[in-house]
Amino acid sequence: MLNRLNQQPPDALLALIKLYEADPRADKIDLGVGVYRTGQGGTPVFGAIKAAERKLVEEQASKAYLGPEGDMGFVHALMPIVFGEDVPTGRIDGMQTPGGTGAVRLALALAKRSGVNRVLMGVPSWPNHAQIVADLGMELVSFDHATPDGAADLKALRGALAAAGEGDAVLLHGCCHNPTGVDYTDAQWDEIAALLAQSPVLPVIDLAYQGLGRGLEEDAYGARLVLAAVPEALLAYSCDKNFGLYRDRVGALYVQAGDSEALGRIMSNGLALARANWSMPPDHGAAAVRLVLEDEGLTAQWRHELDQMRERIGQVRAALAAQGTAGALDLTPYGRQFGMFAMLPLSKEQIQSLRADHAIYMAGSGRINVAGLTTGNLDTFSGALAAVAG
Ligand SMILES: Cc1ncc(COP(=O)(O)O)c(C=O)c1O
């Protein structure tokens, strides 16, 4: 039986990491991998998380099973950060998931279980979105996320929603769109929320980078507005970026239902799906986040560390935009976009030449991790861009 399986292509980004590591050139630049980097190129553990982990080692009395919902102290401690202080009580609850990926997977599986067959999504998107939709046997209905001049394409979203109906869901990035960096403005979110209020389409919001765009509150603007406008919605959350916990796999799925009775029923289905998929999520990272959020001092430290990350990303974006152009490329839109990622409109040949001739590594799609740029390598990068896109 197993021998019938066809070879699957290797994950392109993981293959890129290997190529980068094997490159002996001292001035090589890695813009491929999607993790935050400091100005020195590292991805350190947050100080607040280190302190919480020490506390955890000291205080954790047992590692007995928790259940498919995971650490509910974590799930609830995160809610004021995600939803603000005025969470509608009795209509929203959540469960811990293995990372944001587990949350997206569970959100879409839950949507499918309730009769959703089609998922509307702006493209390009994080590649795993389409893979999860396909793996669940759902249909992907794609529309353009961004216009060529680097703004969100609201016309395309309006059109997709107008053509959709009962049995459809729309997957929206809450902030820091991956891979384009093109976020909806507050005014656009106002319009999206108004459209969704009139539509039977189920909103599924993927909030994977809260705090890395404009700020913790600002990055939740769209998600909160949509949830306030509709009776039902799903929100997939990742703490892997804004707490720097990537490999510890920390996320949550939040469900908003019409009333508390429906919420209980929907959550019971989410828990059944979690049980059948991974039984229960890994504990360590979520417990560390809970300890941070339960402690005022550690929360302040975490917020400060997150502010520094966001400020650095903003500085790199501003420095890139300040270069104006690189050959035929207009770099100014990158200063108006948010989060770690940006798309460069380069051909396969240009991306290949950047790698071969200039030791600059980026995804084959043209996505770069802005955080891979530093004051030390920015000029080299824009010089190489000008050379290939001249
Ligand atoms: C838009 C988006 N959603 C979800 C995720 C999943 O994140 P996690 O590492 O927490 O699974 C990512 C990670 O790259 C992402 O970019």
Side-chain angles (χ1 to χ4, degrees), residues 11-14 16-17 31-37 43 45-46 49 70 74-75 78 82 94-109 119 121-133 135 140 142 145-146 152 169-184 203-213 219-220 222-223 234-254 274 277-278 281-286 288-289 306 309 313 337-343 362-363 365 367-372:
D11 186 284
L13 268 183
L14 299 182
L16 194 74
I17 299 176
L31 305 178
V33 183
V35 297
Y36 174 77
R37 291 200 195 285
T43 307
V45 180
F46 277 54
I49 288 291
F74 153 79
V75 171
L78 199 58
V82 185
M95 64 187 83
Q96 192 201 322
T97 56
T101 308
V104 171
R105 171 84 199 191
L106 200 55
L108 292 178
V119 180
M121 185 177 80
V123 291
S125 190
W126 179 50
N128 219 7
H129 280 151
Q131 294 200 144
I132 292 171
V133 169
D135 193 54
L140 183 68
S142 62
H145 172 65
V170 61
L171 181 53
L172 297 168
H173 296 229
C175 67
C176 304
H177 188 271
N178 181 4
T180 65
V182 175
D183 282 356
Y184 299 119
V204 179
I205 298 179
D206 183 0
L207 190 53
Y209 297 90
Q210 191 187 5
L212 289 170
D219 290 347
L234 298 169
L235 186 142
Y237 195 89
S238 174
C239 294
D240 290 329
K241 294 104 198 327
N242 60 2
F243 285 84
L245 282 160
Y246 309 91
R247 69 175 71 156
D248 279 346
R249 316 302 304 130
V250 188
L253 170 67
Y254 290 97
N277 273 288
W278 47 74
D283 178 65
H284 178 86
V289 170
L306 184 60
M309 283 168 70
I313 293 170
Q337 298 167 3
F338 295 98
M340 290 204 298
F341 302 112
M343 285 292 277
M362 68 178 70
S365 60
R367 186 192 84 165
I368 59 165
N369 176 5
V370 175

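First listed ligand is number 1; within each ligand, the first listed atom is number 1. The figures that follow rest on heavy atoms only: side chains count, while hydrogens, waters and symmetry mates do not.
Closest non-hydrogen pair, Val75 versus Gln96, comes out as CG2-N, 3.4 Å.
Two residues are said to be in side-chain contact when any heavy atoms from C-beta on lie closer than 4.5 Å; Asp248 and Phe243 fail this criterion.
Note that the CG atom of Leu207 and the NZ atom of Lys241 stand 11.5 Å from one another [nearest 0.5 Å].
Under the side chain to side chain contact (heavy atoms under 4.5 Å, CB included) criterion, Val123 pairs with Met121, Ser142, not counting sequence neighbours.
Tyr209 and Phe341 have perpendicular rings, their planes meeting at more than 60° on a 0 to 90° scale where under 30° would count as parallel.
With Asp183 contributing its side chain and His177 its backbone, the two residues share a donor-acceptor pair below 3.5 Å.
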Taking a 3.5 Å cut-off between nitrogen or oxygen atoms, can you list every pair linking ligand 1 to the protein, with distances?
residue, atom, partner, partner atom, Å
ligand 1, 3 (N), Asp206, OD1, 3.4
ligand 1, 3 (N), Asp206, OD2, 2.6
ligand 1, 9 (O), Arg249, NH1, 3.1
ligand 1, 10 (O), Gly100, N, 2.7
ligand 1, 10 (O), Ser238, OG, 2.7
ligand 1, 10 (O), Asp240, OD2, 2.5
ligand 1, 11 (O), Gly100, N, 3.2
ligand 1, 11 (O), Thr101, N, 2.8
ligand 1, 11 (O), Thr101, OG1, 2.5
ligand 1, 11 (O), Arg249, NH2, 2.6
ligand 1, 14 (O), Trp126, NE1, 3.3
ligand 1, 14 (O), Tyr209, OH, 3.3
ligand 1, 14 (O), Lys241, NZ, 3.0
ligand 1, 16 (O), Asn178, ND2, 2.7
ligand 1, 16 (O), Tyr209, OH, 2.7

